[in-house]
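Note that the coordinates shown come from a computational prediction; the quantities given were computed from them, not determined experimentally. Computed from heavy atoms alone, side chains included, the values below leave out hydrogens, waters and symmetry copies. Every chain is numbered from 1 and lettered A, B, ... according to where its sequence line falls, protein lines coming before strand lines.
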2 protein chains.
Amino acid sequence: MRTMAREIAGCEGATVTVSGWVHRVRELGAISFVLLRDRSGIVQLVYQEKVGFTLESVITVQGEVAANQKAPGGYEVHVSSSEVLAPAEPDLPLAVNQDLDGVSLDAILDHRLVSLRNPRIRRIFVVQSAILKHFAAYLRTRDFTEIKSSKLIGTGTEGGTGLFQVAYFEDKVYLAQSPQFYKQALVASGMERVFEVGTAYRAEKHDTPRHLNEYVSLDVEVGFIDGEHELMDLEVEILAAVFEGVAADCAEELELFDATLPSRAELQQTPRISHDDARQIASDRLGRRLFEINPEAERALCDWALAEHGVEALFVYGFPRKKRPFYTYPDDSRTRSFDLLFRGLEITTGGKRIHQYAMLLDTLPRFGLTPEGMADYLQIFRYGCPPHGGFAIGLERLTQKILGLQNVKEASLFPRDRRRIRP
Amino acid sequence: MRTMAREIAGCEGATVTVSGWVHRVRELGAISFVLLRDRSGIVQLVYQEKVGFTLESVITVQGEVAANQKAPGGYEVHVSSSEVLAPAEPDLPLAVNQDLDGVSLDAILDHRLVSLRNPRIRRIFVVQSAILKHFAAYLRTRDFTEIKSSKLIGTGTEGGTGLFQVAYFEDKVYLAQSPQFYKQALVASGMERVFEVGTAYRAEKHDTPRHLNEYVSLDVEVGFIDGEHELMDLEVEILAAVFEGVAADCAEELELFDATLPSRAELQQTPRISHDDARQIASDRLGRRLFEINPEAERALCDWALAEHGVEALFVYGFPRKKRPFYTYPDDSRTRSFDLLFRGLEITTGGKRIHQYAMLLDTLPRFGLTPEGMADYLQIFRYGCPPHGGFAIGLERLTQKILGLQNVKEASLFPRDRRRIRP
């Protein structure tokens with residue numbers, strides 16, 4: 001029966017079995033101190049001999065637990081027997097047991113299978129797992145159904161650019177940029193409220209700290225809404241539930257990253273600013289006239305929201321029609337759409353969608369689309385679709401901003417970018 | 001404030017707003033009875049006039065709730081005002097309000113955006129959503145971390161056949177057949193216990209009732225196991241939790257499909273039979289000598305398990321080495337691997353994996369692989385990997401078998417097969 005490192009404190013005087021990775025070795029004369037790492041934490045092992053372990057070797061050990069104020073957690077294991085389950089080669093390309101602050105992101109990602117052993121890096125993904133848990137759990141309390149749609153599509157709903165092509169037997173298909181088409185179809189089918197957690201693909205060539213070519217999209221779509229403000233209300237509730245859940249499950253991780261999260265009350269103060277006003281506010285703060293809300297403006301707007309409303313987040317609504325996909329519900333030259341900016345970064349795009357068949361038929365030609373080309377999509381609306389809308393949250397961006405990471409790639413286990421296709 | 005169909009029974013005498021789809025219209029002189037469908041169920045509306053609704057139009061209605069023993073659920077709404085939110089065209093390609101038993105699967109899938117409106121079909125995916133919920137929930141209670149790995153890979157871990165090629169900028173990559181490489185990497189990284197819910201791809205040309213070219217794989221991988229029987233124990237516990245959860249959340253759906261599920265006690269009786277014994281049992285039951293466990297044998301074995309052990313499931317372990325991928329832990333000419341057959345179908349493949357670097361280096365050439373070609377994969381083991389193993393459950397197959405569907409494609413929202421790439 002294995003005892004986890006975290007449980008050792010309750011086992012003084014008992015003989016236990018612990019297993020894990022050799023995190024650090026320190027030899028003091030004939031005594032060796034080995035820090036053993038398992039998924040729960042680190043425990044000190046004491047050997048009355050020199051040990052020949054290479055770092056990262058996997059071992060399993062029996063011994064008696066004794067108090068020692070100098071040991072991590074205040075207890076250590078005096079080893080009586082010890083076995084190497086898998087020896088490690090001595091040529092680690094990166095330090096697992098040290099801070100990697102001085103190491104380039106490229107080196108960390110090139111050696112991803114080693115860098116993920118670093119406890120600080122691994123814990124990014126413990127937090128990400130908690131985000132996934134609480135996102136789904138909250139939506140289930142609101143009667144949402146989880147869906148899994150195909151990632152192989154005939155054409156892009158966002159227009160034809162930015163798609164990766166797949167050779168599918170004799171056909172050419174594409175990797176879906178979003179489950180937009182499918183989540184709307186399922187609202188219209190009578191599910192009314194759906195969410196999906198799935199990969200999404202953008203064949204865009206920019207290589208920036210905010211882009212991934214493959215990412216996980218947390219998609220939400222809701223029927224029978226009046227307008228986009230209900231969607232913003234829902235997103236605030238989702239984020240409040242996720243932040244509370246992460247704070248409860250990952251207190252240690254948040255402390256490790258020196259991360260704090262807005263409270264529910266703070267999130268509920270998130271201002272909602274029209275696109276025009278947002279441009280004005282950003283222009284004022286940056287001291288020059290902006291024509292669009294670029295990354296610099298996103299940062300300025302979040303600074304403004306923190307100063308004026310006590311929360312590093314804001315919704316920008318009323319985007320111009322030409323900046324939004326064809327399916328966005330129009331409002332004169334504007335749209336019933338929004339972005340959520342959080343800590344200087346857009347983490348969500350959403351809005352009300354066109355649900356009337358006649359309006360869609362009118363709209364397609366304005367975007368250079370034809371009813372024939374969009375026949376599958378149009379069938380959703382031909383047979384009665386309720387007013388609806390939705391949004392998508394980028395999982396890696398949300399993880400990044402929760403933990404204060406510099407680059408979104410740090411929040412992807414195996415990021416794919418312009419040049420990176422492995423490991 | 002909208003009232004759901006399911007809540008009407010508690011509202012006698014009250015004026016309510018209900019919204020949904022026109023499921024059926026019956027006119028009796030100057031009175032019209034309309035069945036309105038929403039995500040929760042069906043409610044009868046009574047109009048003192050002829051209504052011009054086409055089926056599937058989306059409407060919202062106010063009216064007073066009155067008891068009527070002849071109405072579904074015993075209550076109906078006497079309409080005082082009514083608005084059409086989205087009219088439906090009258091040329092529905094499939095009946096939404098009737099049993100589709102006589103309709104071909106091809107027609108159902110060709111018109112997927114309409115057939116999903118059929119309440120019986122839609123409810124397949126309500127059950128699927130519950131499976132997703134309870135699979136993840138159970139594993140989280142066992143300290144598993146949810147991961148999201150890349151679906152774009154440089155080479156296949158299962159060998160190079162059966163991969164879909166993706167044009168990735170100047171490179172060629174492939175759609176992953178499984179997250180095998182990544183889930184092993186994360187066990188080795190120190191997460192120890194991981195699960196993933198993600199799409200998987202097989203570019204296989206067969207078009208059968210048991211195959212999909214894109215499916216959702218419920219992947220599990222666990223470190224520090226002694227052998228494959230611990231994995232079977234874990235899978236029994238997962239399925240018991242999923243079945244109990246589905247029974248609790250989806251009682252109506254199970255009744256609609258006349259489906260029953262094995263109890264925890266029954267599942268714990270699941271026999272474990274060696275591959276040799278399984279061939280013998282199937283040969284005996286089918287009255288001829290079998291050389292492999294084909295679909296017919298899978299059915300015969302499940303019949304045997306039900307007759308002998310009271311559960312329509314069995315584990316087959318000890319598959320021959322040449323029938324398993326290179327990473328499977330060997331046991332002379334056999335392997336420490338297993339399948340789970342359930343109700344006549346293989347729904348899981350799993351096993352212990354090779355964790356020793358030296359053993360892997362020895363094994364690669366036997367499978368026509370080179371250390372250079374598998375360099376990324378080998379790095380997992382070069383630096384210490386615990387004994388581990390895992391398995392994958394096909395979400396669509398599990399859904400199919402829970403509900404007793406004839407074809408696995410019925411359990412995929414938007415199936416992709418040899419010829420089907422839309423909608």
Side-chain angles (χ1 to χ4, degrees), chain A residues 2 19 21 37 39 56-58 85-86 88-89 92 113-114 116-117 122 125-126 129 132-133 140 145-152 154 164-169 171 173 175 182 185 189-192 199 214 216 224 355-356 376 379-380 382-387 413-414 416 418 421-423, chain B residues 2 19 21 37 39 56-58 85-89 92 113-114 116-117 122 125-126 129 132-133 140 145-152 154 164-169 171 173 182 185 189-192 199 214 216 224 355-356 376 379-380 382-387 413-414 416 418 421-423:
Chain A
R2 181 177 172 209
S19 306
W21 290 258
R37 188 182 78 240
R39 71 178 188 275
E56 292 305 300
S57 293
V58 178
L85 298 174
E89 296 293 317
L92 277 173
L113 303 185
V114 175
L116 282 168
R117 293 172 180 242
R122 175 163 55 83
F125 300 98
V126 172
S129 175
L132 290 166
K133 170 183 167 188
R140 290 185 186 278
T145 301
E146 183 168 6
I147 60 169
K148 291 292 177 187
S149 67
S150 178
K151 303 305 159 204
L152 301 178
F164 289 115
Q165 195 179 73
V166 181
Y168 190 86
F169 302 116
D171 281 303
V173 299
L175 293 178
Y182 296 119
S189 79
M191 280 189 190
E192 297 188 19
T199 45
E214 178 185 42
V216 175
F224 298 102
H355 66 282
Q356 296 103 326
D376 281 339
Q379 205 184 22
I380 300 171
R382 185 172 175 87
Y383 300 110
C385 177
L413 279 169
F414 302 101
R416 294 292 177 262
R418 185 73 185 81
I421 54 172
R422 47 166 291 271
Chain B
R2 183 178 171 208
S19 306
W21 289 258
R37 187 181 79 241
R39 72 177 188 274
E56 292 304 301
S57 293
V58 177
L85 297 175
E89 296 293 315
L92 277 173
L113 303 185
V114 175
L116 282 168
R117 294 173 180 241
R122 175 164 55 82
F125 301 98
V126 173
S129 174
L132 290 166
K133 170 184 166 187
R140 289 183 186 281
T145 301
E146 182 168 6
I147 59 169
K148 292 292 177 186
S149 66
S150 178
K151 304 305 158 203
L152 301 178
F164 290 116
Q165 194 179 73
V166 181
Y168 190 87
F169 303 115
D171 281 304
V173 299
Y182 296 120
S189 79
M191 280 189 190
E192 297 189 19
T199 46
E214 178 185 43
V216 176
F224 298 101
H355 66 281
Q356 297 102 326
D376 282 338
Q379 204 183 21
I380 300 171
R382 185 171 175 86
Y383 300 111
C385 178
L413 279 169
F414 302 101
R416 294 292 178 260
R418 185 74 184 80
I421 53 171
R422 47 163 294 268

On a heavy-atom basis, the closest approach of A/Ser19 and B/Phe224 is CB-CE2, 3.6 Å
Assess, by modelled atom type and distance only, whether the side chains of B/Thr145 and A/Arg122 contain a donor and an acceptor separated by less than 3.5 Å. no
Applying side chain to side chain contact (heavy atoms under 4.5 Å, CB included) to A/Leu113 and B/Arg382, what does each step give before you reach the verdict? CA-CA 10 Å; A/Leu113 303 185; B/Arg382 185 171 175 86; over 6 Å; no
Restricting to ring-ring contact (aromatic ring centres under 6.0 Å, His included), what partner residues turn up for B/Phe125, sequence neighbours left out? none
Quick one: which of B/Ala88, B/Ser189, B/Ser57, B/Ser149 has the most heavy-atom pairs under 4.5 Å with chain A, could you say? B/Ser189
Starting from the C-alpha separation in whole Å, work towards a yes-or-no answer on side chain to side chain contact (heavy atoms under 4.5 Å, CB included) for B/Val166 and A/Gln165. CA-CA 6 Å; B/Val166 181; A/Gln165 195 179 73; over 6 Å; no
What part of A/Arg418 gets closer than 4.5 Å to chain B, counting heavy atoms only: side chain, backbone, both or neither? both
Which bit of A/Arg37 comes within less than 4.5 Å of chain B, counting heavy atoms only: side chain, backbone, both or neither? side chain
Polar side-chain atom of A/Glu89 near backbone of B/Tyr383 as donor-acceptor pair, under 3.5 Å: no
Under 4.5 Å heavy-atom distance to chain B, tell me which part of A/Ile147 shows up: side chain, backbone, both or neither. both
Taking every heavy atom of B/Ile380 against every heavy atom of A/Arg117, the minimum-distance pair comes out as O-NH2, 3.3 Å
Under 4.5 Å, counting heavy-atom pairs only, tell me which of B/Val126, B/Leu152, B/Val173 racks up the most with chain A. B/Leu152
Which pair of non-hydrogen atoms, one from A/Met191 and one from B/Arg39, has the smallest distance, and what is that distance? O-CD, 3.7 Å
In terms of heavy-atom pairs under 4.5 Å with chain B, which of A/Val114, A/Leu175, A/Val58 leads? A/Val58
NZ/A/Lys148 to CG/B/Leu132 distance, rounded to the nearest 0.5 angstrom? 6.0 Å
Note: vs chain A, highest number of non-hydrogen pairs under 4.5 angstrom among B/Gln379, B/Glu56, B/Glu214 is B/Glu214
Tell me yes or no: between the side chains of B/Ser150 and A/Arg416, is some donor less than 3.5 Å from an acceptor? yes
How close do A/Ala185 and B/Phe414 get, counting heavy atoms only, and between which atoms? CB-CZ, 4.5 Å
Across all chains, not counting sequence neighbours, the ring-ring contact (aromatic ring centres under 6.0 Å, His included) partners of B/Phe164 are A/Tyr168, A/Phe169
Can you tell which of B/Leu92, B/Thr199, B/Asp171 has the highest number of heavy-atom pairs within less than 4.5 Å of chain A? B/Leu92
Would a distance-only check, ignoring hydrogens and angles, find a side-chain to backbone donor-acceptor pair under 3.5 Å from A/Gln356 to B/Ala86? no
Judged by atom type as modelled, is there a donor-acceptor pair below 3.5 Å linking the side chain of A/Glu146 to the main-chain atoms of B/Lys133? no
Which pair of non-hydrogen atoms, one from B/Leu85 and one from A/Pro387, has the smallest distance, and what is that distance? CD1-CD, 3.8 Å
Of all the heavy-atom pairs spanning B/Arg422 and A/Asp376, show the shortest one and how long it is. NH2-OD1, 2.5 Å
